Amino acid sequence: MNPVVAHAITTLRQGVHDARQRGLTVGFVPTMGALHEGHASLIRAARKETGFVVVSIFVNPIQFGPHEDLARYPRPFDKDVALCAEEGTDLLFAPQVETLYPQGFCTAVEVSGLQDVLEGSSRPGHFRGVATVVLKLFNLVSPDRAYFGQKDAQQVRIIQQMMRDLDVPVQVRVCPIVREADGLALSSRNVFLDEAQRKHATVLYRSLVEVRAAIERGERSASVLQRVLTERIKATPGASLDYAALVDADSLQPIDPLRGQVLIALAVKFGATRLIDNLLIQVP
Ligand code: PAJ
């Protein structure tokens, strides 16, 4: 069945209100659209655990830098509605930019420290935009649970911190990374890769797995492993390394020698297309 499509805040609030009247719990999956199997896995998790599933599609301008891909970000709205319908979405919230950011809007959420490293150091202001829109969406939808992908590991960490610091009464669920058969993490940006770039893009996951295997064999030196990642990317035609990092999964600060929960994170550019991937591992 097609979801109710709400462009206006009043329609959204009415839909959620009616669901609550019927005694249903509310699950929420925030997205920027161009939906793929990764997003579908989040909607399925919400469907399984909650009675009323809200998906939002909003290409959030304030999380894009001035030279980033906001204008060319894919917006296949009808296809997205079809995927939402197939996965059993009850309500699709697709606001206009002016609806979320009317004239005079001037508030922002900052999660200092966590927002400035990794993705944040390559994309200044990005997480300020993410945290701000996610808090707004939570206030609009007021879900019981919200679903995010481990694909954006730093985003998850920042949202969890914001929830804790601002006492936001929503349970955050984190779902595993969905990958293509050859290991490439699904992303709305993969459509920008040409045939050769697509082939070489498997280097992200392959080098992460190689580093994980080295850790399992006993390697504990972050600098040695960072060199391995860097060399693998440098040796790949068309790839340019943005960063390769081994960090403490909680503080997101470099850790050497490795111990505890470690996040291995990569950002690599193929032409104008920037890809990220990561693995989370428990170092014994
Ligand atoms: P977007 O990139 O559309 O992603 C929406 C959600 O889908 C995020 O939680 C992301 O981690 C998850 N996701 C993307 N690819 C995935 C994959 N291969 N496997 C599993 N989950 C995947 O992330 C955003 O939008 C925005 O920053 C948003 C949170 C909506 C705020 O604007």
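For reference, positions follow the sequence shown, starting with 1. Whatever order the structure lists ligands and atoms in, that order sets their numbers, starting from 1. Every heavy atom of this structure was used, including side-chain atoms; hydrogens, water molecules and symmetry mates were not. Because the structure is a prediction, the values reported are computed rather than measured.
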Please lay out, stage by stage, how R259 and D248 fare under the test salt bridge (Lys or Arg N to Asp or Glu O under 4.0 Å).
CA-CA 8 Å; R259 72 186 130 74; D248 178 86; 6.0 Å; no
Counting only nitrogen or oxygen atoms and a 3.5 angstrom limit, does G149 reach ligand 1?
yes
Should P176 be listed as contacting ligand 1, given a heavy-atom distance under 4.0 Å as the test?
yes
For ligand 1, find out whether one of its N or O atoms is nearer than 3.5 Å to an N or O atom of V178.
yes
Could you tell me whether some N/O pair between N60 and ligand 1 is separated by less than 3.5 angstrom?
no
Looking at atom 2 (O) of ligand 1, what's its closest protein heavy atom, distance included?
Y73 OH, 4.1 Å
CA sep, side-chain torsions, deciding dist, call: D194, K199, salt bridge (Lys or Arg N to Asp or Glu O under 4.0 Å)
CA-CA 9 Å; D194 67 28; K199 195 178 102 206; over 6 Å; no
With side chains defined as the heavy atoms from C-beta onward, is the minimum distance between F28 and F93 less than 4.5 Å?
no
Does Q160 form a side-chain hydrogen bond (donor to acceptor under 3.5 Å, both in side chains) with R164? I'd like the steps, not just the answer.
CA-CA 6 Å; Q160 284 168 333; R164 198 184 307 160; 5.8 Å; no
List the closest protein heavy-atom neighbour of atom 12 (C) of ligand 1: residue, atom name, distance to the nearest 0.1 Å.
L42 CD1, 3.7 Å
Salt-bridge criterion met for R128 and D116 (N-O under 4.0 Å):
no
Record the part of H39 in heavy-atom contact with ligand 1 below 4.0 Å; permitted values are side chain, backbone, both and neither.
side chain
Ligand 1 atoms in contact with F148 (distance to a heavy atom under 4.0 Å)
9 (O)
Please find the pair of heavy atoms, one from L118 and one from Q154, that lie closest to each other, and give the distance.
CB-OE1, 3.3 Å
Quick look: H36 vs ligand 1, heavy-atom contacts under 4.0 Å, and the answer is side chain
Do any nitrogen or oxygen atoms of Q155 come within less than 3.5 Å of a nitrogen or oxygen of ligand 1?
yes
Any N or O of Q63 closer than 3.5 Å to N or O of ligand 1:
yes
Where's the contact between L186 and ligand 1, heavy-atom distance under 4.0 Å: side chain, backbone, both or neither?
both
Can you say whether the rings of H7 and F77 are parallel (under 30°), tilted (30 to 60°) or perpendicular (over 60°)?
tilted
Counting from 1, what ligand 1 atoms have a heavy atom of T31 closer than 4.0 Å?
3 (O), 5 (C), 30 (C)
With sequence neighbours excluded, what pairs up with Y73 under the ring pair (Phe, Tyr, Trp, His ring centres under 6.0 Å) test?
F64
Assess the residue pair S122 and D242 against the criterion (side-chain hydrogen bond (donor to acceptor under 3.5 Å, both in side chains)); give the C-alpha distance rounded to whole Å, side-chain angles, the decisive distance to 0.1 Å, and a yes or no.
CA-CA 8 Å; S122 299; D242 190 341; 2.9 Å; yes
What is the nearest protein non-hydrogen atom to atom 13 (N) of ligand 1, stated with its residue, atom name and distance?
K151 CB, 4.3 Å
With a cut-off of 4.0 Å, which atoms of ligand 1 are near a heavy atom of V133?
31 (C), 32 (O)
Starting from atom 25 (O) of ligand 1, which protein heavy atom do you reach first, and at what distance in Å?
M32 CG, 3.5 Å
Below 3.5 Å, N or O to N or O, backbone or side chain included: is there any such pair between I177 and ligand 1?
no
re atom 11 (O) of ligand 1, the protein heavy-atom contact at minimum distance is D152 OD2, 2.6 Å
Could you walk me through whether R179 and D277 satisfy the salt bridge (Lys or Arg N to Asp or Glu O under 4.0 Å) test, starting with their C-alpha distance in whole Å, then the side-chain angles of each, then the deciding distance to 0.1 Å, before giving a yes or no?
CA-CA 10 Å; R179 301 178 178 283; D277 200 350; 2.8 Å; yes
All pairs passing side chain to side chain donor-acceptor pair (under 3.5 Å) where residues 93-108 contributes a residue, at least two apart
N60-Y101
